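Both backbone and side-chain heavy atoms feed into the values below; hydrogens, waters and symmetry mates do not. Bear in mind that the values here come from a model prediction, so they are computed numbers and not experimental data.
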Amino acid sequence: MSFSFFKPSRPKTPQEVSKAIHDSLTALDTQTVAEVKALEKALEEVEKNFGIMRCMLVGDAETEPNMEQVSQLVLEICKEDVLALLVHKLPILGWEARKDLVHCWSVLLKQKVEDTYCCEQYIEDHTELLDFLVVSYDNKEIALNCGAMLRDCIRFPILAKYILESASFVLFFKFVELPNFDVASDAFSTFKFFDLYEKLLTSPNYVTRRQSLKLLTDFLLEPPNSHIMKRYILEVRFLKVMMMLLKDSSKNIQIAAFHIFKVFVANPNKPREVKVILAKNHAKLTELLQNLSAGKGDEDDQFEEEKELIIKEIELVTQQPNLGY
């Protein structure tokens, strides 16, 4: 009598795990709403394969992960385009599968094979995956999953830079105001990573500085985004960036920076820290502004009027008591 059915199944190789995930995710394409049972079975298969992947990546209560297998799995997942499937099939997956996916995604991105972060390299070559994750914040079912995955991506400067310069970046300003509190909070957590934006604004590359500042100016000065501007002008570090850009060698950058800088100064509810910075630097700021000109024409007259008002406001700030600068 054979007792072979008591024997544990042979552990799958990284190649087999990758193929199983690929095939089960691809199988979801053939399912329709009318085939409810078939779809349920396919989703169960995906969930099972994700569990195997998670165990191979992080181990379980009894075994530690085999790092050679982990490296091989990372290579296979990139080679077979499984990474793209993980992103694009996210909206279809069940709660448990999404939870495993987010956990595995974080581990996969952190893995180096020799000296290369293979998954980061794959995403760099398939940046549409980042756009998909950003846009998916609008889907409340998967918004938190996408947020976690995005934050893993933007720990890599080159991926963060892509999002900052992409058209989809401005969506974050919308997402932080979503009515769903959990989603809005998660979007804001991701948005905070974009303090990296300061690095773009102060980049040694002129084109990067100008494009980054243009995007920021166009967005912040749009009337529907006034609530974001109100939040922005409370931050001293952002004021310092604009003050630095007022000294830029490019006149275009100086003028663009002025249009944001003036909102910091004109704000009737300036935080004390902002007042202190303005007061400490009032002489240099006055000189910079007096030497700044927009050009010729009707718009130049308005620009000069605004400049004079801002200079006077800075002077008034310096006269306020108890700033202690």
Compute whether any side-chain donor of one residue and acceptor of the other, for Asp23 and Thr26, lie under 3.5 angstrom apart.
no
Would you call Glu287 and Lys284 a salt bridge, taking side-chain N to carboxylate O under 4.0 Å as the test?
no
Taking all non-hydrogen atoms of both residues into account, name the closest pair between Tyr137 and Gly147 and its distance.
OH-CA, 3.1 Å
Contact check, side chains of Leu133 and Cys146, non-hydrogen atoms, under 4.5 Å
yes
Identify the heavy atoms of Glu306 and Phe258 that sit nearest to each other, and give their distance.
OE1-CE2, 3.9 Å
Hey, are the side chains of Leu130 and Val87 touching, using non-hydrogen atoms and a 4.5 Å cut-off?
no
At their closest point, which heavy atom of Leu292 faces which heavy atom of Gln254, and how far apart are they?
CD1-OE1, 3.2 Å
Tell me, with the steps shown, if Asp152 and Arg155 meet salt bridge (Lys or Arg N to Asp or Glu O under 4.0 Å).
CA-CA 6 Å; Asp152 284 320; Arg155 288 189 174 94; 2.8 Å; yes
Ionic contact status for Glu315 with Lys312, cut-off 4.0 Å
no
Could you walk me through whether Val317 and His282 pass the side-chain contact (heavy atoms from CB on, under 4.5 Å) check?
CA-CA 9 Å; Val317 170; His282 74 278; over 6 Å; no
Chi angles and distances behind the salt bridge (Lys or Arg N to Asp or Glu O under 4.0 Å) call for Glu16, Lys19:
CA-CA 5 Å; Glu16 289 170 336; Lys19 186 177 187 307; over 6 Å; no
Heavy-atom side-chain contact between Glu313 and Leu316 under 4.5 Å:
yes
Look at the rings of Tyr232 and Phe238 and say which category their plane angle falls in: under 30° parallel, 30 to 60° tilted, over 60° perpendicular.
parallel
Shortest non-hydrogen contact from Pro65 toward Val58:
CD-O, 3.6 Å
Closest non-hydrogen atoms of Pro91 and Phe132, given as atom of the first, atom of the second and distance, are CG-CZ, 3.9 Å
Step by step, work out the side chain to side chain donor-acceptor pair (under 3.5 Å) result for Asp81 and Tyr122.
CA-CA 9 Å; Asp81 290 323; Tyr122 182 91; 2.7 Å; yes
Yes or no on side-chain contact (heavy atoms from CB on, under 4.5 Å) for Leu285 and Ile310, after CA distance, side-chain angles and deciding distance?
CA-CA 10 Å; Leu285 287 170; Ile310 295 304; over 6 Å; no
Does a side-chain heavy-atom distance below 4.5 Å link Leu101 with Asn145?
no
Are any side-chain N or O atoms of Lys251 and backbone N or O atoms of Ser293, one a donor and one an acceptor, separated by less than 3.5 Å?
yes
Would you be so kind as to tabulate the donor-acceptor pairs closer than 3.5 Å made by side chains of residues 44-54, with sequence neighbours excluded?
from: Glu45; atom 1: OE2; to: Lys48; atom 2: NZ; distance (Å): 3.2
from: Asn49; atom 1: ND2; to: Ala20; atom 2: O; distance (Å): 3.2
from: Asn49; atom 1: ND2; to: Ser24; atom 2: OG; distance (Å): 3.1
from: Asn49; atom 1: ND2; to: Glu45; atom 2: O; distance (Å): 3.1
from: Arg54; atom 1: NH1; to: Asp100; atom 2: OD1; distance (Å): 2.8

Same cluster (ILVMFWY, side-chain, under 4.5 Å), Leu309 and Ile314:
no
Evaluate the side-chain proximity of Met242 to Leu245: yes if any heavy-atom separation is below 4.5 Å, no if none is.
yes
How many angstroms lie between atom NE2 of His22 and atom NZ of Lys79, to the nearest 0.5 angstrom?
12.0 Å
Taking Val17's backbone N and O only, do any of them form a donor-acceptor pair with Lys12's side chain (distance below 3.5 Å, no angle check)?
no
State, with a plain yes or no, whether a side-chain heavy atom of Tyr162 is found less than 4.5 Å away from one of Ile123.
no
